[in-house]
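The next block holds one structure in the form of structure tokens; read it before the comments.
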Amino acid sequence: MSAHGTLGERQGRFARIYAVVRRIPRGRVASYGQVAALAGLPGRARLVGYALAALPDGSALPWQRVVNARGEVSPRAEPGRDHYQRHLLEEEGVRFDSGGRIDLGRFGWTPRGRPRAGG
DNA sequence: GCAATGACGCTCT
DNA sequence: CAGAGCGCCATTG
């Protein structure tokens, strides 16, 4: 095995983050800070974003359900990639306003039980 | 080892 | 609500 820091071991480091993201139900979104807190890394929202950025192109992880605390799809370095995330969320039923923001009070995921706003 | 970067969040103005 | 500043930590040059 490698001396230190292979790709496999790197996933082990963010395994907590990936586990939380995988728990996000379809049609709902969670913020980076929320995922970090649930993963046991409060205040380390950046790590969540970095962990998701390290994901492979064909990952089965619902990374598209992770947005920033403002309910916006964070702009990525490559143009068009942000549009793809929004497209996936819209397919799940997530609605965007004119400003491209999501109502976290309605589509925000809560691991304890949603407030059943619209329903 | 240092400096710069990045899929962020909170506080102050 | 919007903009600017600071903190956060892993990766890269």
Side-chain angles (χ1 to χ4, degrees):
Chain A
M1 302 314 180
S2 307
H4 54 256
T6 50
L7 182 62
E9 295 201 358
R10 184 173 64 195
Q11 288 190 339
R13 203 175 308 277
F14 300 125
R16 302 284 297 180
I17 297 175
Y18 296 142
V20 174
V21 176
R22 212 181 282 274
R23 285 176 57 190
I24 305 174
R26 182 174 174 277
R28 222 105 66 201
V29 296
S31 63
Y32 296 90
Q34 187 175 1
V35 174
L38 292 171
L41 304 169
R44 279 69 177 175
R46 293 225 71 171
L47 276 303
V48 177
Y50 198 91
L52 295 179
L55 287 172
D57 203 9
S59 181
L61 207 75
W63 55 267
Q64 71 271 26
R65 294 170 193 159
V66 183
V67 296
N68 59 29
R70 306 202 73 170
E72 273 185 324
V73 176
S74 242
R76 277 87 57 252
E78 293 184 41
R81 195 59 85 179
D82 48 338
H83 179 81
Y84 179 59
Q85 181 174 2
R86 172 171 174 166
H87 175 74
L88 291 174
L89 291 175
E90 287 183 325
E91 293 240 313
E92 296 186 357
V94 179
R95 300 284 305 211
F96 288 78
D97 60 19
S98 306
R101 292 199 298 267
I102 306 169
D103 186 354
L104 296 180
R106 221 167 63 175
F107 300 100
W109 172 54
T110 52
R112 301 158 48 80
R114 45 215 152 75
R116 291 181 176 268

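Residue numbering restarts at 1 for every chain, and letters A, B, ... go by the order of the sequence lines.
Without hydrogens or angle criteria, Arg16(A) side chain to Phe14(A) main chain gives no donor-acceptor distance under 3.5 Å. Under a 3.5 Å cut-off, the side chain of Tyr18(A) and the backbone N or O of Leu55(A) do not form any donor-acceptor pair. Without hydrogens or angle criteria, Gln34(A) side chain to Val29(A) main chain gives no donor-acceptor distance under 3.5 Å. For the pair Glu72(A) (side chain) and Arg101(A) (backbone), a donor-acceptor distance under 3.5 Å is absent.
When every heavy atom of Leu89(A) is checked against every heavy atom of Val67(A), the shortest pair comes out as CD1-CG1, 4.2 Å. In terms of heavy atoms, Val66(A) sits closest to Ser31(A) at CG1-C, 4.4 Å. The heavy-atom pair separating Gly27(A) from Phe107(A) by the smallest distance is O-CD2, 3.8 Å. For the residue pair Ser74(A) and Tyr32(A), the shortest heavy atom distance occurs at CB-OH, 4.2 Å.
Within a heavy-atom distance below 4.0 Å of DNA chain C, the residues of residues 91-103 of chain A found are Arg101(A). A heavy-atom distance below 4.0 Å to DNA chain C is reached by these residues of residues 34-46 of chain A, ordered by number: Arg44(A), Arg46(A).
Going from atom CH2 of Trp63(A) over to atom P of dA7(B) covers 12 Å, rounded to whole Å. Remark: P of dA2(C) and CG of Asn68(A) are 12 Å apart, rounded to the nearest angstrom. Rounded to whole Å, atom C1' of dA10(C) lies 15 Å from atom CG of Leu55(A). Remark: P of dG9(B) and CG of Leu104(A) are 10 Å apart, rounded to the nearest angstrom. For the pair Ile17(A) CD1 and dC8(C) C1', the interatomic distance rounds to 13 Å; values are reported in whole Å. One interatomic measurement links the two molecules: CG of Leu88(A) to C1' of dA7(B), which rounds to 14 Å at whole-angstrom precision. As a whole-Å value, the separation of Glu72(A) CD from dG9(B) C1' is 14 Å.
For Tyr50(A) against dA10(C), a side-chain-to-base donor-acceptor contact under 3.5 Å is absent.
Of the candidates Arg86(A), Gln85(A), Glu92(A), Gln64(A) forms a side-chain hydrogen bond (donor to acceptor under 3.5 Å, both in side chains) with just one, namely Glu92(A).
Comparing dC8(B), dA2(C), dG9(B) by their closest approach to the side chain of Arg70(A) singles out dA2(C). For Leu47(A), the side-chain atoms get nearest to dC9(C) when compared with the rest of dC9(C), dG9(B), dA7(B). Ranking dG9(B), dA7(B), dC9(C) by closeness to the Leu52(A) side chain, first place goes to dA7(B).
Residue Ala53(A) is in base contact, counting any heavy-atom pair closer than 4.0 Å across all strands shown.
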